[in-house]
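Reading through the structure tokens given below for one structure.
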Amino acid sequence: MPRKINLDDKFAQFSDHWAPRVAGRYNGNEIRLVRAVGDFQWHCHPDTDELFIVVEGQLVMEFRDHVETLGPGEIIVVPRGVEHFPRVPEGEVRMIVIDPADTANTGDTSTAFTPLEI
């Protein structure tokens, strides 16, 4: 049976940064919760788009040709193959990232954090 997911409860279950946790799955996609501070890294996903939804805080998404700043309630879709550099200028961000299951969060399986189920 389907069960609701409380984001505050799920975010309270972990404190490490840039280490996605899988809160749910649908149609082959993972709903990943991420807590973030500081910089991540330049990367791209050659085979899939990536969706970021900011729940709390401010996320800066740098691209090679421009920068987007997102606050709570804002989303951005990064198209497949587009290099991007997520960073948090201050404080902590809580966000939802939706990717196909088994997508490396760094774009490279050798350096990726394996998302844990919560």
Side-chain angles (χ1 to χ4, degrees):
M1 285 306 262
R3 301 272 185 229
K4 68 180 178 180
I5 296 169
N6 183 289
L7 293 176
D8 287 334
D9 290 347
K10 293 293 186 181
F11 276 115
Q13 293 181 31
F14 66 102
S15 61
D16 47 345
H17 297 111
W18 298 111
R21 298 301 198 276
V22 177
R25 298 173 192 276
Y26 74 97
N27 295 333
N29 293 305
E30 293 179 340
I31 301 166
R32 300 174 178 182
L33 303 185
V34 180
R35 295 174 76 142
V37 296
D39 296 344
F40 190 54
Q41 65 186 52
W42 280 103
H43 69 285
C44 73
H45 304 274
D47 300 320
T48 185
D49 300 339
E50 189 170 35
L51 171 65
F52 293 81
I53 305 167
V54 176
V55 175
E56 182 179 303
Q58 184 181 61
L59 176 69
V60 174
M61 189 67 70
E62 293 188 21
F63 299 96
R64 294 297 183 182
D65 63 349
H66 74 286
V67 175
E68 295 287 343
T69 301
L70 291 86
E74 295 182 315
I75 68 172
I76 192 164
V77 177
V78 179
R80 71 187 70 205
V82 173
E83 283 188 297
H84 55 289
F85 177 64
R87 65 181 179 84
V88 180
E90 63 180 58
E92 181 182 71
V93 164
R94 292 180 181 192
M95 62 183 147
I96 299 168
V97 179
I98 299 179
D99 284 314
D102 303 321
T103 297
N105 68 327
T106 61
D108 178 355
T109 56
S110 68
T111 60
F113 180 88
T114 302
L116 304 173
E117 196 93 22
I118 56 172

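We use all heavy atoms of the structure for the numbers below, so side chains are in, but hydrogens, waters and symmetry mates are not.
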List for me each residue that meets side-chain contact (heavy atoms from CB on, under 4.5 Å) alongside Glu90, sequence neighbours excluded, and say none if there are none.
none
Hydrophobic clusters join Ile, Leu, Val, Met, Phe, Trp and Tyr when side-chain heavy atoms are under 4.5 Å apart, directly or via other members; which others share one with Val67?
Val60
Is there a continuous path of hydrophobic side-chain contacts, each under 4.5 Å between heavy atoms, that joins Val77 to Met95?
no
side-chain contact (heavy atoms from CB on, under 4.5 Å) partners for Arg64, two or more places apart
Trp42, Glu83
Would a 4.5 Å heavy-atom cut-off, applied to side chains only, mark Glu30 and Asp99 as touching?
no
Lys/Arg-Asp/Glu bridge criterion (N-O < 4.0 Å) met for Arg21, Asp16
yes
Shared hydrophobic cluster for Leu70 and Val37 (ILVMFWY, side-chain gaps under 4.5 Å):
no
How many angstroms lie between atom CG of Asp102 and atom OG1 of Thr48, to the nearest 0.5 angstrom?
12.0 Å
Does Arg94 reach the main-chain N or O of Val34 with its side chain, forming a donor-acceptor pair under 3.5 Å?
no
Indicate if Phe52 and Ile31 have the same hydrophobic cluster label, given that clusters are the connected sets of ILVMFWY residues with side-chain heavy-atom separations under 4.5 angstrom.
no
Heavy atoms, side chains only, cut-off 4.5 Å: are Leu51 and Ile75 in contact?
yes
Residues Pro72 and Gly57: closest non-hydrogen pair is CD-O, 3.2 Å
Distance check, rounded to the nearest 0.5 Å: Gln58 atom CD versus Glu92 atom CD?
14.0 Å
Between Asn6 and Asp8, is there a donor-acceptor pair closer than 3.5 Å when you use the side chain of the first and the backbone of the second?
yes
Distance in Å, Glu50 CD paired with Ile76 CD1, rounded so as to fall on 0.5 Å steps:
10.5 Å
Answer with yes or no whether the hydrophobic clustering places Ile5 together with Val22; edges join I, L, V, M, F, W, Y residues whose side-chain heavy atoms lie under 4.5 Å apart.
no
Can you tell me how far the OH atom of Tyr26 sits from the CD1 atom of Ile98, to the nearest 0.5 Å?
4.0 Å
For the residue pair Phe40 and His43, does the interplanar ring angle fall in the parallel (under 30°), tilted (30 to 60°) or perpendicular (over 60°) class?
perpendicular
Starting from Phe11, can I reach Leu59 by hopping between I/L/V/M/F/W/Y residues whose side chains sit under 4.5 Å apart?
no
Is there a side-chain contact between Arg32 and Ile96 in this structure, where contact means two heavy atoms from C-beta onward sitting under 4.5 Å apart?
no
Rounded at 0.5 Å granularity, tell me how far CZ in Arg87 sits from OG1 in Thr69.
7.5 Å
To the nearest 0.5 Å, what is the distance between CG on Leu33 and CD1 on Ile53?
10.0 Å
Passing option when His84 is tested against Gln41, His45, Glu68 for side chain to side chain contact (heavy atoms under 4.5 Å, CB included):
His45
